[in-house]
Every structure is written in C-alpha cells, then in structure tokens.
Amino acid sequence: MSDYQRQNQSAWNRLSDGSQFAKVASDEECRQPLKALDSRGWLPQSVAGLNVLCLASGGGWQSILYAAAGARVTVVDLSPGMLELDRKEARRRGLSVTTIEASMDDLPMLGDATFDIVHQPVSTCYVPDLEKVYAEIARVSRDDGLYISQHKVPTSLQIAHRDDCNRFVIGVEYYHTGPLPKVEDTSYRETGAVEYLHRWDQLVGGLCRAGFVIEDLREPKRADPTAKVDHFGYRGRFVAPYVRMKARRVRRSTQEDAVSPQLWLPR
Ligand SMILES: C[S@@+](CC[C@H](N)C(=O)[O-])C[C@H]1O[C@@H](n2cnc3c(N)ncnc32)[C@H](O)[C@@H]1O
C-alpha cells in the first residue's frame, strides 16, 4: 500500500467513528430505499436482483439501501472501519452485503462485465490517477450498465483561504499535480486525508474516453443564503463543491466498431 493510501485509510478509519459520512441508512430511508438513493430518478424502477457495486462507499448507507431494495450488493472501500459499519448494519437488518477492502483503482478480485450499476459517492479525490479508476469501472460494468458518481469540483479544491472581506482565494493552480497542499479554508476537505485535484478534462472527458456516455450532470446545491460566513453553506453560494454524473457503459461491440479500421480508410 502506498503512503497516501495508508494515510487515507487511517483518516477514514477515524471518520468511521461518528462522522457525517458514517451515518447508516435509517428505518425511514429503508422503507423507500430508491427514493433515498435517487432523488433525480436516475435508477431503474426496480433494482431487485441487479448486481450493484457500491464503490468507495463504506459507512452503511448506500449498501444498505441497495440491499433493502433487493439488489445483490458488493461494497469496496479502503477503510476497514467504514466497511465494518456496512457489515454490522447488514447483520442487524438481516440483509446480505459483500464487503471488500481494496482501492478503487485496483480491483482484480472483481470480474469483467459483472455489475449492472456502479454507485460511487465523493471519493475520486483520494486517488492520484482517475484514468485507472475509470478503466476499472469500465471493465467491471456490464454493457449498458449505469455508473452514478459524485466528485469534488476542481475550483472548490483550488480554494486556499479567504481574504479580509471573506472572499475566497484561489491559491492552488488548476494544473496542480500531486497531493493538494494543506489549506486554511477546510470546508469540503477531510482532516488528515490526502487529496488530489482532477480537472474537468479528466472528470468528464476521461469518463467518455473510458467507454461511457454521460446522460445527465448535476451540481448539488450547497448554497445557503442564511448561513453565517464561516459555514460551508456560505462558501457554497460562491463555488459549487460537487458534481454528480449519470453515465452509461457503451456496449463493447459499439466501442470496438468506433475504432474499427474501416472507419479510417483513406478517402
Ligand atoms: C465520502 S466517503 C463516502 C461514504 C459514505 N457512505 C457517504 O456517501 O456518505 C468516501 C469513502 O472513500 C473511501 N476511500 C478513500 N480512498 C479510497 C480508495 N483509494 N479506494 C477505495 N475507497 C477509498 C473512504 O474510506 C470513505 O469510505
């Protein structure tokens, strides 16, 4: 395991103890699991019997809801602490969930074309190479499979601090590579975690190049006009922190056609 992974694993083991990301699904959410998971209507009417990969989504929320909706669920996460929440909650509710401790960019334990849905909450910021992550997701997704994901947007990760008028200062270069520096303004950053900036070209273009078509893209609104200046809702008025995408795996036969030599015959 590399240093950044070790550091993120221990950061997330700590966050598995009572943080906002470690809240298991409630009874009310479990009564209407698809409604809780999918306020935008991106999922099929039923996920019963579908193979779902909850990627980097330990913590007992997504996995429990998909399992409550009848899906066959595999959760992959780097943090044993987060995965323990999935196992404990699944046991308590009599649901079945398979948990795997692994990094999202290296999934040799998962077979090709296995999953109907891959669902990934905000987490690509914890790996340096997004191309590897998308390649793995493309490999394990079935033809026409759904990939639902949320990511931190580059501008939000570029903010370093505030000036005297509480204006947000972009202090990290857009083309920054390597771990992000520690910053004063820590809204939307997790203490102790090593994070990386991925540009739009990599987040959106990279997904298309990996073999997906994007069917929808949303920016969850975190702006709160009543928030105090030091609250993340205030910052959300100026910079949208997240982007959420609905993408579909291109059929492998279509993808092969697209690079077929016939298309490149000289005129
Ligand atoms: C924002 S949390 C998502 C979990 C949560 N269920 C949610 O949506 O509220 C991000 C997750 O990514 C995981 N993670 C960080 N680096 C990872 C990696 N390289 N591979 C897999 N999971 C990773 C963390 O352990 C953590 O559980």
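Whatever order the structure lists ligands and atoms in, that order sets their numbers, starting from 1.
Side-chain heavy atoms closer than 4.5 Å link hydrophobic residues (I, L, V, M, F, W, Y) into clusters, and following such links, even through other members, never connects Leu180 to Trp200.
A distance limit of 4.0 angstrom between heavy atoms and ligand 1 selects the residues Trp12, Phe21, Ala56, Ser57, Gly58, Gln62, Asp77, Leu78, Ser79, Met82, Ala102, Ser103, Met104, Pro121, Val122, Ser123, Tyr126, Val127.
Between Phe168 and Phe238, the two ring planes are tilted [angle within 30° to 60°].
Considering only residues two or more places apart in sequence or on other chains, Tyr147 meets the ring pair (Phe, Tyr, Trp, His ring centres under 6.0 Å) condition with Phe212.
Classification of Arg244 and Glu219 as a salt-bridged pair fails, no side-chain N sitting under 4.0 Å from a carboxylate O. The pair Lys152-Glu190 meets the salt-bridge criterion, since a charged nitrogen lies less than 4.0 angstrom from a carboxylate oxygen. Ion pairing between a basic and an acidic side chain is recognised when a charged N comes within 4.0 Å of a carboxylate O; Arg91 and Glu84 show such pairing.
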